[in-house]
There are 4 protein chains.
Amino acid sequence: MVIIMHVGAPEADVQAVVRLVEETGFQPFINPGIERKVIAVLGDVDINKYELIDVFSNMPGVERVDLISDPFKLSSRQYHPEDLVVRVGTAEIGGSSLTIAAGPCSVESRPQILEAAEAVRAAGATLLRGGAFKPRSSPHSFQGLGEEGLALLREAGDRVGLPVVTEVLDTHDVDVVCRYADMLQIGARNMQNFALLRRVGESGHPVLLKRGPGSKIKDLLMAAEYIMVEGNDQVVLCERGITTFEDAARYTTDINAIPILKQMSHLPVMVDPSHSTGDWRYVTAIARAGIAAGADGLIIEVHPDPQHARSDGKQSLKPARFATLVGEVTRIGQAMGRSLAEAPSRA
Amino acid sequence: MVIIMHVGAPEADVQAVVRLVEETGFQPFINPGIERKVIAVLGDVDINKYELIDVFSNMPGVERVDLISDPFKLSSRQYHPEDLVVRVGTAEIGGSSLTIAAGPCSVESRPQILEAAEAVRAAGATLLRGGAFKPRSSPHSFQGLGEEGLALLREAGDRVGLPVVTEVLDTHDVDVVCRYADMLQIGARNMQNFALLRRVGESGHPVLLKRGPGSKIKDLLMAAEYIMVEGNDQVVLCERGITTFEDAARYTTDINAIPILKQMSHLPVMVDPSHSTGDWRYVTAIARAGIAAGADGLIIEVHPDPQHARSDGKQSLKPARFATLVGEVTRIGQAMGRSLAEAPSRA
Amino acid sequence: MVIIMHVGAPEADVQAVVRLVEETGFQPFINPGIERKVIAVLGDVDINKYELIDVFSNMPGVERVDLISDPFKLSSRQYHPEDLVVRVGTAEIGGSSLTIAAGPCSVESRPQILEAAEAVRAAGATLLRGGAFKPRSSPHSFQGLGEEGLALLREAGDRVGLPVVTEVLDTHDVDVVCRYADMLQIGARNMQNFALLRRVGESGHPVLLKRGPGSKIKDLLMAAEYIMVEGNDQVVLCERGITTFEDAARYTTDINAIPILKQMSHLPVMVDPSHSTGDWRYVTAIARAGIAAGADGLIIEVHPDPQHARSDGKQSLKPARFATLVGEVTRIGQAMGRSLAEAPSRA
Amino acid sequence: MVIIMHVGAPEADVQAVVRLVEETGFQPFINPGIERKVIAVLGDVDINKYELIDVFSNMPGVERVDLISDPFKLSSRQYHPEDLVVRVGTAEIGGSSLTIAAGPCSVESRPQILEAAEAVRAAGATLLRGGAFKPRSSPHSFQGLGEEGLALLREAGDRVGLPVVTEVLDTHDVDVVCRYADMLQIGARNMQNFALLRRVGESGHPVLLKRGPGSKIKDLLMAAEYIMVEGNDQVVLCERGITTFEDAARYTTDINAIPILKQMSHLPVMVDPSHSTGDWRYVTAIARAGIAAGADGLIIEVHPDPQHARSDGKQSLKPARFATLVGEVTRIGQAMGRSLAEAPSRA
């Protein structure tokens, strides 16, 4: 249930609604909108909600009460009509600019991550990505450098003046990843690892939440809800491909998900064409398509030497090809009335 | 097997290869490329092809012999390296321009199709679409006006100076549809109706071949092969959504298919965002994405009065919204170095 | 809309309802049930059906009027509560016995089909299958022997005393196939070839309707509806695997479809584990599972020499293995209270 | 790489192979097979494995060396040819008997779980299931009773003399769940929560590993590998439905997975028809099908009062219907030469 107040309803009216929500046993979440206040009513209280609608509808300052049939609330645009802009260090995701996060799949060595960082910044990325804890399908594959990788990623980000985003795999690691990273990534395989979602919610760090390849759009929004219910509303959604019968690419990029997510939710949406195609030959075309469909940014795998990458070499771009991608995407963005975000000048 | 001749190989060398192909019991198809001749070798002859490779490789004028592991040949880019441009009356599909086909799902009445034709031409379409034989999931739904619908579509196309494309459902109807239409559409449900594919192949009319929602990319190319093996190479492929577990839209637009098809085949590729989303609210975003991914054109359902359409009203655009779509797609096309095709001036 | 009459309602009451249905412009279909009459009301008449419900409900002899929300009617169990038994020559499909159709994918030669026919009859099959018109993904693959294949199949069936079932691909071929075959098969790729469905409906021959691999259960029932609306209610449904992301087998057998179809429809249901797995190693296990889930029969590919089959060799069983399958399936059937159908004694 | 020793090869030969494996930098895992020793060679060492094959093949006692192309090894039948029987308290899973785990989705109260436990034992279950930590798609839904639920489940299991299985959601909770439960369940959403897989591997407790609904069969085996590489080989696999386009049931039961898993792996396989259909009306048919396909057991949701269940009521069976299911499944099992496991007599 969402209670929508009139534009300019006095604070006393808002507080009266909030008190009544609390008295019935629900938890109120006030959306600090500029135009109007919206109060989300959460909880699993054993009360007939249809009766409550009448009660709330009759209170002063209330414009209307909507029963949200979808089970997500905090991540719903109904609750937060304006687009959200998420801030990650010096970078912003959402709004009128386009943001590109780029870097290698895994942090492999100091020279590798430093070279990658220089290359992606030079080409136009404003966020540096790189994996330290790697979720590999096989336990016999390279699992990442762990905390050493985090430190190298941090050093590379500081060197080139870009904030960094990296994946966290387990509740045990959230604290150490927060010490090094500006943004936490929840990988596709953990999209419904609810304990981890709650824990990154508590951390207060901005979160890049990747869609599970077998998960529906509404389940992605429900996963965002798990983070937001802990009080952390700095969530960016990421489409990275779904499993289908088509095997000409590794996954099927669900391009429909971009306009659908933008309509259902106020959260920024990024596209990861590296994973959603699994093949560097298709990454640039799908990057362009994602921006044309309305995405707020991209996350791209770039490696100085893809053929010797310890993971995901097949889908990584070389720096020169990444620079071409940024150029093409910038032109698509301009056709959409959006411009590429700029990195701060280097100290 | 594909035999690639040297650039400038004399005609006598080409003919010698062709003769040997025929003598072994295979059928040769010569690709009339400008740069170099390529000879496709087709048939199911009981001969060890690997031995033949050696024989052909040693002939004068032959650069190399490739065993095409994929089972499609005529539709393969290997056989026809240059992009194909398909001509449909005054319109062209493929090449540097973008082509938009638009019109109602079904031809319902004379005023409806005339109004739609005027509207889509005014907004920038260069092909008029409209269904006379409708493949409906239920036998109890409206099945189209049949030949009366074909005549109305023809009249409307002539009135506004646009060539027309319409679906043919059965081998029995190919002749009558050819009398009225400039281009034959094979609908998604008939993508593997092989008798129909052969028959439209024999007709020589240009064909718009829509992908079946449960069919892989390679099966789409194999379906094109059925048409082309009859000597008709004027085939345009169309992505119109695949069936997946995601139910927030009617189908999942397989945007990856655009760059994959462009890489595997020389045939032009269109996108049908009306069917691939099933919801007018997402059509424009996916139209932009399709062009950004590299498609050569779009096919869009436009109805003067979608709420009273006899079929597919939910996914049809009103003329004003279609005009907005054309404007946005034109800007995306310009960012890609492509311009919208123009209709001939009206008599 | 379905009008359910009281048990024992007099014929005059039934006729009065039928007349009123016709007067409103709809088409009445009377289900000749033993227990009670049920009248299906079909058509796309522009009348408020909700008002009609009241009218019909008040007529003498009417127990109740159901609005069938699902768009299939004739294939619905609501319209025909008792299980249907379809008769194909000497064989029956449905009811308390289990029916096995078996034979090679393609009729390849006289000795091959005669040997296969003897083998499958000896093992317990009561229907002989074999393809004369083959729908192959590639136009370059073996396309079947055509009418010569039909004649060989007929000869083999007559020799061993089994009725025969074979696929028809095109409306043009329905008459010739009807001359040779006892049952017409609509293949998965033609499940929504509506012209063909109508034509086999008109033929009056029993039909084995295979589910398209990208088609939902309700679309399968709608396809049956196309056949039945022409007055042919002798339709058997066949689950033969759907396309999913899992690639360890060729398709995914939708075993859930068996109890779902049995609940939604009165039509008999068969399972084709040869196609739904695409691998002879899994055929027997899935045959057992299909019967355990409640299917009325199986269709199995059996070839005297699978390694030299011209199509589908990988999924064909040798006669000895097929005999084992029949034995295991018979025991599963007994555990379900069903027994294997028996072929008539040979002349 | 897997090194297969001759039957009866002397221990000294085995040890010589093990030493050489270690010297090359790999990790040897010896399978203590009764018939013959098999040594799995694991690790990501930068050595040409093809050269090693020759070396090992020439050693005394070695029959042959197989390169396992699939990336799972410990879970592979190649490494462990005999079927594995997993022991869970007094119960066994695998071998010639069939095991049924049953109980409510969530432990809701002391009377509820005691009543359910009595009912499922009386009907023939030999394992009691019940959730204390519930992974719910929405954070606003009931999340389970936590440790209180574990204690109630333990009490109920002890009361009726059945071992208990329950889900663990987070690495933090593994210790507490191990104190109460005989078997740990990894839910579908956590199938690729690799930190959790490793942690339950370390625990040494038997594990019921459910397949993720968007995960391929080989990824399920890779997930098992994560548990087994920690030295815990007591893993039972569970098919519980995959996501497909078909929406007539909640998931599609991948029945093909049963014979495929049994062929690829020696681990026992169970089927969960409650989740794979999501509808109590289809649970019994799919339970029968699972056993007929060769599964070693079932996990079934049973609730004394499904209509008032706090989760999954729609798919839960009432005790009487569960007793019918057990009877039918027992008969199917007998047709397969298997008998239902028996619970120990109550103290």
Side-chain angles (χ1 to χ4, degrees), chain A residues 70 211-221 239 241-264 271 273 276-295 327-337, chain B residues 70 211-221 239 241-264 271 273 276-295 327-337:
Chain A
D70 289 317
R211 179 181 182 185
S215 294
K216 294 187 180 183
I217 288 170
K218 71 176 187 209
D219 289 323
L220 173 61
L221 290 172
E239 163 62 30
I242 59 173
T243 51
T244 73
F245 65 84
E246 178 57 67
D247 55 8
R250 192 158 176 218
Y251 294 96
T252 296
T253 311
D254 184 3
I255 195 80
N256 289 358
I258 313 302
I260 294 172
L261 283 170
K262 297 302 285 184
Q263 187 197 47
M264 294 174 84
V271 175
S276 77
T277 65
D279 190 325
W280 65 266
R281 296 174 299 172
Y282 310 131
V283 167
T284 303
I286 302 307
R288 292 191 311 253
I291 297 303
E328 296 186 12
V329 158
T330 302
R331 285 200 297 280
I332 297 286
Q334 285 163 349
M336 304 274 296
Chain B
D70 287 318
R211 178 181 182 184
S215 294
K216 294 188 183 185
I217 287 170
K218 71 176 188 212
D219 289 323
L220 173 61
L221 290 171
E239 162 63 31
I242 59 173
T243 51
T244 73
F245 65 83
E246 179 57 67
D247 56 7
R250 192 157 174 218
Y251 295 96
T252 296
T253 312
D254 183 3
I255 196 80
N256 290 359
I258 312 303
I260 293 172
L261 283 169
K262 297 301 284 183
Q263 188 197 46
M264 295 174 86
V271 175
S276 77
T277 65
D279 190 324
W280 66 266
R281 296 175 299 172
Y282 310 132
V283 167
T284 302
I286 301 308
R288 291 191 311 252
I291 297 304
E328 295 185 11
V329 158
T330 302
R331 285 199 297 280
I332 297 286
Q334 285 163 347
M336 304 274 295

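In what follows, chains are A, B, ... by sequence order, proteins preceding strands, each numbered from 1.
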Query raised in the report: Are the side chain of A:Asn256 and the backbone N or O of B:Ala248 linked by a donor-acceptor pair below 3.5 Å?
Result: no

Report task. Among the options B:Ser215, B:Gly333, B:Gly290, pick out the one with the most heavy-atom pairs lying under 4.5 Å from chain A. Result -> B:Ser215

Report summary line: Answer key: most heavy-atom pairs under 4.5 Å with chain A among B:Ile291, B:Thr253, B:Ile258 is B:Thr253

Query - Structural part of B:Gln263 lying under 4.5 Å from a heavy atom of chain A - result: side chain

**Report entry** Region of A:Thr277 in contact with chain B, defined by heavy-atom distances below 4.5 Å
**Finding:** both

Query raised in the report: Is it true that B:Asp254 and B:Arg211 make a salt bridge, defined as a side-chain N closer than 4.0 Å to a carboxylate O?
Result: yes

Query raised in the report: Under a 4.0 Å N-O cut-off, is there an ion pair linking A:Lys216 with B:Asp247?
Result: yes

Query raised in the report: Which one of B:Ala287, B:Pro273, B:Ala289, B:Gly294 has the most heavy-atom pairs closer than 4.5 Å to chain A?
Result: B:Ala289

**Report entry** Close side-chain approach of B:Ile217 and B:Met264, heavy atoms under 4.5 Å
**Finding:** yes

Query raised in the report: Can you tell if the side chain of A:Leu220 reaches within under 4.5 Å of the side chain of A:Leu261, non-hydrogen atoms only?
Result: yes

**Report entry** Interface moiety of B:Ile286 toward chain A, non-hydrogen atoms closer than 4.5 Å
**Finding:** side chain

